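Following: one structure in C-alpha cells, then a few remarks.
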Amino acid sequence: MDLVRDVFASALKPRIFRDREKLLPDYVPGFLPHRESEIRRVASILAPALRGEKPSNIFIYGLTGTGKTAVVRYVLSKLEVTAREAGARVKGVYVNARYRDTPYRIIADIGEAVGARIPFTGLSVGEVFGRILKVISDTKTIYVVVLDEIDFLARKRGGDDVLYKLTRINSELRTSRISLIGVTNSADLVESLDPRVKSSLGEVELVFPPYNAEQLKDILEARAREAFQPGVLEEDIIPLCAALAAREHGDARRALDLLRVAGEIAERSGSSKVTRDHVYMAREEIERDRVVDVVRTLPLHSKLVLASILMVTGGGSGYATTGEVYERYRYLTLKLGIETVTLRRVSGILAELDMLGVITGRVVSRGRYGKTRVLELALDPQVLYKTLSEDIALGDIIDEVGREFGKRSSMR
DNA sequence: TGTCCACTGGAAGGGAGGGCTT
DNA sequence: AAGCCCTCCCTTCCAGTGGACA
C-alpha cells in the first residue's frame with residue numbers, strides 16, 4: 001500500500017522533467033535554431049495566401065531530422081494565426097504519408113482535415129476527391145496542403161495518379177485554391193516522379209542541410225531549457241547527445257529522443273540527475289523499442305522468416321542466403337501444419353525486413369552459384385527471440401528456434 | 001568467351017475481409 | 001441485400017543480372 005503511494009508520490013513530485021512533451025517528436029517549438037533562413041524562405045513563399053492568392057507549390061528535400069517538418073508546421077501555424085487576425089481565409093492541412101501510406105488514406109486524411117465526412121474504407125479514390133471538391137470548392141479559402149514523407153505515397157501503386165490529381169485540383173475549384181508542399185528525405189524520389197507532377201510540385205525547391213554537432217547542441221539546449229528542471233542535466237549530457245546524433249547525419253529528432261529517454265530513465269531510477277550512463281542506456285532502449293515494435297506487428301509469415309534467419313545464422317552470429325532461409329522456413333511451416341508462401345514472397349519479405357532495419361542484406365552475385373541476397377541480423381538476437389516468443393501462433397516452433405539459438409549462442 | 005545459376009524485382013491479378021451507398 | 005470499392009497479403013509469370021566456371 002505504502003509502496004504504491006510512494007510510487008505515486010514520486011510521480012507527482014517532478015524531479016527531472018518540467019515539461020516532457022517539449023521533447024516529443026511532434027512538438028513544434030516556438031524557436032527553431034539554425035533554420036532562420038529556411039523559415040523566412042517558406043514564409044515568403046506562402047505569404048501571398050494572406051492576400052488571397054495561391055502560393056507556389058513547394059518541394060522540400062532534406063534528410064531525416066533536419067527540421068523540414070518542424071519548419072513547415074511552424075510557418076503554417078503562424079500563417080493561420082496571421083490570416084485569422086487579418087481576416088484572410090487560409091487553412092493548413094498536414095498529412096504524413098509514412099503512416100498513412102495508401103493513396104486512399106492520404107486523400108481521406110486531407111478530406112477529413114477540410115471537414116468532409118470520409119469513411120475509413122469503402123469509397124473509391126475518385127469519390128473521395130469528389131467529396132473534397134464539394135466541401136471546399138466555394139469556400140473562398142486558400143488551402144495549404146503539406147504532404148510529408150511524400151515518397152511513401154509516390155512509391156505506392158496509384159500514388160502517382162493521386163499526386164497528379166492533387167496538382168490539378170485547382171482547375172476544378174471555384175473560389176478556393178490549394179497549394180501543395182511536398183516534403184521528402186529521399187533523393188531518388190525526384191527521379192521517379194511523374195514529370196508532370198514533378199514540374200508542378202517543384203515550382204519552388206528547397207533543400208535542408210543536415211545539422212552539425214554544434215547546431216544540434218543549440219537545438220538541444222533550447223529544448224532542454226523548457227523540458228527539464230534546472231540543473232538536472234550533468235555538464236556534458238547535451239554535447240554527448242549531439243555528438244551521438246551527429247554521427248547519424250545530424251538527425252535532430254534522434255538527438256531529442258536520446259535526451260528525452262535518458263531523462264525518463266533517470267526519473268525511473270529515482271536519480272536526481274541525468275548522467276552519461278543514462279544517455280547510453282537510452283540509446284540501447286530506443287533501438288530495442290523500435291525493433292520490438294516493428295517485429296511484434298509483423299504478419300505471421302514474416303515472423304516465421306525471421307525465426308528461420310535466427311536459426312540459419314546460428315543465433316544471429318552468421319550470414320544467411322535467401323535459399324537457406326526459405327528452406328528453413330518451409331520446414332517450420334511444415335511443422336506448424338500451415339501453408340507455405342512462395343519463394344518470391346519470401347524474397348519480398350526479406351526486402352521488407354531489410355527496409356525496416358531488422359536485417360541488413362546485400363544482393364550479391366556469386367557467379368556460378370547464382371545471385372542471392374546475403375543477409376545478417378541487424379538487431380540483438382536475444383531481443384528478437386523474446387519478441388518472437390510472445391506470438392502464440394508460433395507455438396512449439398519457437399522452442400526449436402530457442403534450442404538452436406541457445407546451443408549456438410552458448411558456444412560462443 | 002559464353003553459359004548458367006539462384007535468385008531479384010517488376011507487373012498484374014486474385015480473393016478474403018470489410019465498409020460504403022442505395 | 002446487392003453491388004461497389006477499399007486494403008492487405010499473396011500468387012503467377014517473367015525478364016533481368018553479376019560473375020565463377022568450363
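Not measured: the values here are computed from a predicted model.
- Taking atom CZ of residue A:R344 and atom P of nucleotide B:dG14, one finds them 18 Å apart after rounding to whole Å.
- As rounded to whole Å, 18 Å separates atom C1' of C:dC14 from atom CZ of A:R345.
- Under the 4.0 Å criterion applied to side-chain N and carboxylate O atoms, A:E112 and A:R131 are not assigned as salt-bridge partners.
- Relative to the six-membered ring of A:F17, A:R260 misses at least one condition, a distance below 6.0 Å or an angle of at most 45° to the axis.
- If you take CD1 of A:I349 and C1' of B:dT8, they are 15 Å apart, rounded to a whole angstrom.
- Atom pair A:L353:CG and B:dT8:P shows a separation of 13 Å (rounding to whole Å applied).
- If you check the side chains of A:T322 and A:S347, you find no donor sitting under 3.5 Å from an acceptor.
- Side-chain contact between A:V261 and A:D289 is absent, with no heavy atoms from C-beta onward closer than 4.5 Å.
- Contact annotation for A:S302: no contact, since no heavy-atom pair falls under 4.0 Å across all strands.
- By the 4.5 Å heavy-atom criterion applied to side chains, A:E203 and A:N57 are counted as neighbours.
- For the pair A:E352 CD and B:dG9 P, the computed distance is 12 Å after rounding to whole Å.
- At whole-Å resolution of the value, CG in A:D109 and P in C:dC6 are 17 Å apart.
- One interatomic measurement links the two molecules: CZ of A:R131 to C1' of C:dC5, which rounds to 12 Å at whole-angstrom precision.
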List, with names and distances, any nitrogen or oxygen atoms from the protein found under 3.5 Å away from nitrogen or oxygen atoms belonging to nucleotides 3-7 of chain B.
residue	atom	partner	partner atom	Å
B:dC4	O4'	A:R368	NH2	3.4
B:dC5	O4'	A:R368	O	3.1
B:dC5	O2	A:G367	O	3.0
B:dC5	O2	A:G370	N	2.9
B:dA6	N3	A:K371	N	2.9
B:dC7	OP1	A:G323	N	3.2
B:dC7	O5'	A:G323	N	3.3
B:dC7	O4'	A:K371	O	3.3

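- Of the listed nucleotides (C:dC10, B:dT8, C:dT12), B:dT8 has the atom at the smallest distance from the side chain of A:V363.
- A:F208 places a side-chain heavy atom less than 4.5 Å from the side chain of A:V71.
- Note: NZ (A:K303) to P (C:dC9) measures 12 Å, nearest angstrom.
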